[in-house]
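Start at 1 and go down the list; that is how both ligands and their atoms are numbered. Note: hydrogens, waters and symmetry copies are ignored here, and every other heavy atom, side chains too, is used. Computed from a predicted structure; not experimentally measured.
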Amino acid sequence: MNKNLEIPGADPFFYIDGETRVMLNHFEKISRRHPVNILVTGKQGCGKSSLVRQFAAVYKRPMATFQVGILAEPGQLFGEHILVDGETKYRPYLFSEAIQTPGCVIHLEEINRPEHPKALNMLFSLLSDDRSVWVDEMGLIKVADDVIIFATMNEGEEFVGTEMLDPALRDRFYTILMDYIPAEVEAEVLAQKTGVDQERVREIVNIINKMRGHADTPLDVSTRTSLMVAELVAAGTSIREAITYSLQVDREQLESILLTLHLEKGLYDASKTSKYMLFNDEI
Ligand SMILES: Nc1ncnc2c1ncn2[C@@H]1O[C@H](COP(=O)(O)OP(=O)(O)OP(=O)(O)O)[C@@H](O)[C@H]1O
Ligand SMILES: [Mg+2]
């Protein structure tokens, strides 16, 4: 097997809400009977790519990721013409191999942003129930059994209306709408992934949540960014420094948030914890 088509390693600290976990299991089962496409949407850095990866890891499927965002023409994913000893030959790309690998998880990133809309044309036939596509250079390519196609896209409020996915394309997908993980789970993730102690991790999450919910200037702070903050704290910086260097934040805003937090220490929302679980092979 191509080394780019390996089963990814599982993230031992990846959390998912219980309902989505169960749905993913259903999708996996269905995929063994007929083609399944899953669209994962959510804000930047909320864990979309990680979810696809974890899915492949948990179900022991090889996986390959492709950037739809850079595609300028339809055939570009499949292969290219190269010159060998003065002769033109066609060299298939990893994508062609991946879709012909049984059980493979195909991850299409930024499916809503191809450079050219026509670039999606060939994907349409791949995503439909007959799962085959005509490539002039290779003939009819059939998608192998049990292949699951995931597509991910950023779909925060700021994207609605401008980057909407073609309805005919969206129609071919089951949809998972992801959100940032709740504060208590995020604290757990930060502690487990960076080794920062519970108290400081809670403080980090508290401050970040204040920023997210800030009345005047709410900030979209992703899980990725909060991990960057905790990583800096683990390396020895203060929380204030870590936040200042990880996100572009107005100093005054940071100060005022730190002040209110100081006043209401102990108020910590743990209400949503129970619904989240580790995404591993237990259900
Ligand atoms: N539920 C989660 N449990 C554990 N870690 C998480 C979770 N969600 C996100 N992360 C971590 O946050 C980081 C960002 O996640 P990821 O790259 O999957 O986000 P994304 O939604 O694909 O981002 P983008 O919109 O930029 O493509 C990763 O390091 C990931 O491990
Ligand atoms: Mg991603």
**Item:** Identified side-chain contact (heavy atoms from CB on, under 4.5 Å) partner of Gln54 from the options Phe14, Tyr59, Tyr15
**Value:**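 The side-chain contact (heavy atoms from CB on, under 4.5 Å) with Gln54 is passed solely by Phe14 among Phe14, Tyr59, Tyr15.
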- Query: side-chain hydrogen bond (donor to acceptor under 3.5 Å, both in side chains) with Lys48: which of Asn154, Thr152, Thr41?
  - Reply: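 The option that passes is Asn154.
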Margin query: For Leu51, which part has a heavy atom under 4.0 Å from ligand 1: side chain, backbone, both, or neither?
Written below: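 Neither part.
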| query | Counting heavy atoms only, which part of Arg53 comes closer than 4.0 Å to ligand 1: side chain, backbone, both or neither? | reply |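 Looking at Arg53 and ligand 1, no heavy atom falls under 4.0 Å.
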Note to self: If you define the side chain from C-beta out and look only at heavy atoms, does anything of Thr20 sit under 4.5 Å from Ile176?
What the structure shows: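 Side-chain contact under 4.5 Å: yes.
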| Under 4.5 Å between side-chain heavy atoms, hopping through other hydrophobics if needed: is there a path connecting Met211 to Met228? |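 Each belongs to a different hydrophobic cluster.
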Checking the N or O distance criterion of under 3.5 Å, is ligand 1 in contact with [X]?
X: Gly47; answer: yes
X: Phe14; answer: no
X: Gln44; answer: no

Report yes or no: is the cationic atom of Arg212 (NZ for Lys, CZ for Arg) closer than 6.0 Å to the six-membered ring centre of Tyr180, at no more than 45° off its axis?
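Yes.
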Problem set entry | Heavy-atom nearest neighbour in the protein, as seen from atom 20 (P) of ligand 1, with distance rounded to 0.1 Å |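 Atom 20 (P) of ligand 1 sits closest to the protein heavy atom Lys48 N, 3.5 Å.
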Quiz prompt | Proximity winner for atom 8 (N) of ligand 1, if only heavy atoms of Cys46, Ser226, Pro12 are counted | solution =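 Nearest heavy atom to atom 8 (N) of ligand 1 lies in Cys46.
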- [ ] May I ask you to check whether Ser49 brings an N, O or S atom to under 2.8 Å from the Mg ion (ligand 2)?
- [x]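 Short answer: yes, at least one N, O or S atom is under the cut-off.
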Original post:
Which is it for Tyr276 and Ile16 under the side chain to side chain contact (heavy atoms under 4.5 Å, CB included) test, yes or no, and what are the steps along the way?
Top reply: CA-CA 6 Å; Tyr276 270 72; Ile16 188 171; 5.6 Å; no
